[in-house]
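FYI, side chains are in, hydrogens and waters are out, and symmetry mates aren't considered; it's all heavy atoms of this structure.
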Amino acid sequence: MNDTDCPFDDLLCRSLSLFHQFRLYDDRIEEDNAFKSLREAEKIVSETKSGVCVAKLGCVIECLAHRYYIDDDTDGMLGEVDTFLIKFWKRLEHPSAEAFTASLWIGQYFLLRLKNPKSRVHSRSKKMVSRILSFMADMLRKPEKQKVLCLSSVDVFEETVDWVKEVCDMHICEKQMVLLLERLYSLQERGMLQQDEVGKNVLRQQIWDFYY
């Protein structure tokens with residue numbers, strides 16, 4: 001499954017929307033349906049073992065904990081997810097658009113883990129965010145790597161910049177952030193970004209809207 005896998009993303013978007021509706025109207029049927037959509041997404045993750053899908057589901061669980069829909073101590077719940085994603089990310093060796101997008105989702109997941117004040121693994125989450133920033137910057141370091149990346153798209157560029165700004169709010173990894181932003185804006189200035197017909201990822205936007 002890739003970043004535009006709509007059926008899986010739709011399940012997670014539906015779950016977040018239903019939880020929001022439940023909070024507004026105190027409708028237990030909406031809550032039941034929200035958990036049903038979440039369980040269906042969990043089933044897909046269990047069957048596919050897709051790293052990107054695992055990261056997306058983990059992001060949603062951290063959002064739900066942040067908004068007190070589920071137990072807000074997620075270390076026990078997401079411990080295996082942390083381990084799985086670290087191993088999965090380490091296998092993303094070759095520069096590609098897919099590796100860049102996967103890194104962005106995994107980076108978003110560990111940033112949300114880092115934002116959780118009750119988490120006891122902040123050091124590990126911070127280390128992963130730092131490594132991912134450096135990895136993404138390295139993918140944009142040389143012209144030949146930029147060509148392999150297909151120079152990404154305007155939408156991925158904007159989503160990456162948004163994520164880096166969220167990292168900036170945590171006041172961490174300043175050198176890595178500056179380096180990645182310099183290389184991203186360099187691509188933009190040279191007109192090396194492709195226009196994506198799909199548009200920004202809806203789930204990513206909904207996760208941040210829901211979180212705040």
Side-chain angles (χ1 to χ4, degrees), residues 1-25 27-86 88-89 92 97-116 119 125 128-129 132 153 155-156 158-160 162-163 166-167 196-212:
M1 294 186 180
N2 56 37
D3 193 45
T4 58
D5 184 62
C6 293
F8 181 78
D9 284 16
D10 286 348
L11 280 174
L12 294 179
C13 286
R14 174 175 169 77
S15 181
L16 290 173
S17 295
L18 289 171
F19 274 115
H20 181 65
Q21 292 298 313
F22 160 65
R23 176 64 57 83
L24 287 176
Y25 304 111
D27 187 336
R28 293 295 171 180
I29 295 178
E30 299 284 38
E31 183 185 31
D32 291 343
N33 288 333
F35 275 112
K36 181 180 178 182
S37 294
L38 194 61
R39 286 192 293 269
E40 290 178 13
E42 289 173 340
K43 183 179 178 182
I44 291 175
V45 166
S46 178
E47 292 173 349
T48 64
K49 299 294 191 296
S50 161
V52 173
C53 288
V54 171
K56 291 177 178 180
L57 179 60
C59 288
V60 168
I61 290 174
E62 275 293 358
C63 282
L64 294 174
H66 175 69
R67 297 294 294 272
Y68 304 108
Y69 289 100
I70 60 176
D71 182 3
D72 57 347
D73 182 3
T74 55
D75 281 354
M77 192 183 311
L78 294 174
E80 292 184 3
V81 172
D82 288 3
T83 302
F84 175 87
L85 288 177
I86 290 170
F88 174 81
W89 178 78
L92 297 176
E98 292 75 17
F100 194 91
T101 300
S103 295
L104 182 56
W105 273 111
I106 296 169
Q108 183 162 332
Y109 167 78
F110 279 105
L111 179 59
L112 287 175
R113 298 283 284 128
L114 186 60
K115 282 176 173 286
N116 186 338
S119 175
S125 298
M128 281 301 298
V129 170
I132 290 169
S153 70
D155 296 312
V156 173
E158 292 176 351
E159 290 171 347
T160 305
D162 289 343
W163 173 68
E166 292 290 336
V167 177
D196 195 337
E197 296 180 0
V198 177
K200 286 188 176 182
N201 184 275
V202 175
L203 174 61
R204 180 177 283 111
Q205 186 60 53
Q206 189 162 342
I207 284 172
W208 287 118
D209 289 346
F210 187 90
Y211 188 85
Y212 292 110

Checklist entry - Within a strict 4.5 Å, meaning less than it, do heavy atoms of the E47 and K43 side chains meet? => result yes
Checklist entry - At what distance, to the nearest 0.5 angstrom, does CD1 of I61 lie from CG of L112? => result 11.5 Å
Next on the checklist: Could you check whether any side-chain heavy atom of Y109 comes within less than 4.5 Å of a side-chain heavy atom of V81, counting everything from C-beta outward?
Outcome noted: yes
Checklist entry - Between the side chain of S119 and the main-chain N/O of K115, is any donor-acceptor distance below 3.5 Å? => result no
Checklist entry - Where is the tightest heavy-atom contact between D72 and A65, given as atom of each residue plus distance? => result CB-O, 3.5 Å
Checklist entry - Which of parallel (below 30°), tilted (30 to 60°) and perpendicular (above 60°) describes F19 and F35? => result perpendicular
Checklist entry - Would you call D82 and F110 a side-chain contact if the rule is heavy atoms closer than 4.5 Å? => result yes
Next on the checklist: Within the supplied structure, the quantity of interest is the number of heavy atoms (other residues, nucleotides, ligands) at a distance under 6.0 Å from Y68 OH; does it exceed 12?
Outcome noted: no
Next on the checklist: For a quick test of reading the model, state the closest non-hydrogen atom pair linking R67 to Y211 and the distance between them.
Outcome noted: CD-O, 3.9 Å
Item to check | Considering all heavy atoms, the nearest I207-K56 contact | outcome: CD1-O, 4.4 Å
Next on the checklist: Does the plane of the ring in F88 sit parallel, tilted or perpendicular to the ring in F84? Use 30° and 60° as the thresholds.
Outcome noted: parallel
Item to check | Gap between atom CG of L64 and atom SG of C59 - 0.5 Å precision | outcome: 11.0 Å
Item to check | Polar contact flag, side-chain donor to acceptor under 3.5 angstrom, E40-S15 | outcome: no
Item to check | Steps toward side chain to side chain donor-acceptor pair (under 3.5 Å) verdict (Q206, S17) | outcome: CA-CA 9 Å; Q206 189 162 342; S17 295; 2.9 Å; yes
Next on the checklist: Is it the case that the side chains of D27 and Q21 hold a donor-acceptor pair, with the cut-off being a distance below 3.5 Å and no angle test?
Outcome noted: no
Checklist entry - Which pair of non-hydrogen atoms, one from L11 and one from A41, has the smallest distance, and what is that distance? => result CD1-N, 3.9 Å
Checklist outcome for this item: Here the gap from M128 atom CE to L111 atom CG, rounded to the nearest 0.5 Å, amounts to 12.5 Å
Item to check | E42 vs R39, salt bridge (Lys or Arg N to Asp or Glu O under 4.0 Å): CA-CA, chis, key distance, verdict | outcome: CA-CA 5 Å; E42 289 173 340; R39 286 192 293 269; over 6 Å; no
Checklist entry - Under 3.5 Å, side chain of W163 to main-chain N/O of L104, donor-acceptor pair present? => result no
Checklist entry - Could D162 and K200 be called an ion pair, given the rule that one side-chain N must be under 4.0 Å from one carboxylate O? => result yes
Checklist entry - Hey, which of V54, I86, L85 is the one that makes side chain to side chain contact (heavy atoms under 4.5 Å, CB included) with I106? => result L85
Next on the checklist: Counting only heavy atoms not in H20 (residues, nucleotides, ligands), do more than 12 fall under 6.0 Å from its NE2?
Outcome noted: no
Item to check | From E166 atom CD to W208 atom CH2, the distance as rounded to the nearest 0.5 Å | outcome: 4.5 Å
Checklist entry - How about R113 and T74: do any of their side-chain heavy atoms sit closer than 4.5 Å? => result yes
Next on the checklist: Taking the side chain as everything from C-beta on, heavy atoms only, tell me whether H66 gets closer than 4.5 Å to F210.
Outcome noted: no
Checklist entry - Could you state the interatomic distance from CG (D32) to CG (L18), rounded to the nearest 0.5 Å? => result 10.5 Å
Item to check | Heavy-atom closest contact (D71 atom, M77 atom, distance) | outcome: O-CE, 4.2 Å
Item to check | Minimal non-hydrogen separation, A102 against V52, with atom names | outcome: CB-CG2, 3.8 Å
Checklist entry - Going from CG on L38 to OH on Y69, what distance comes out if it is rounded to the nearest 0.5 angstrom? => result 13.0 Å
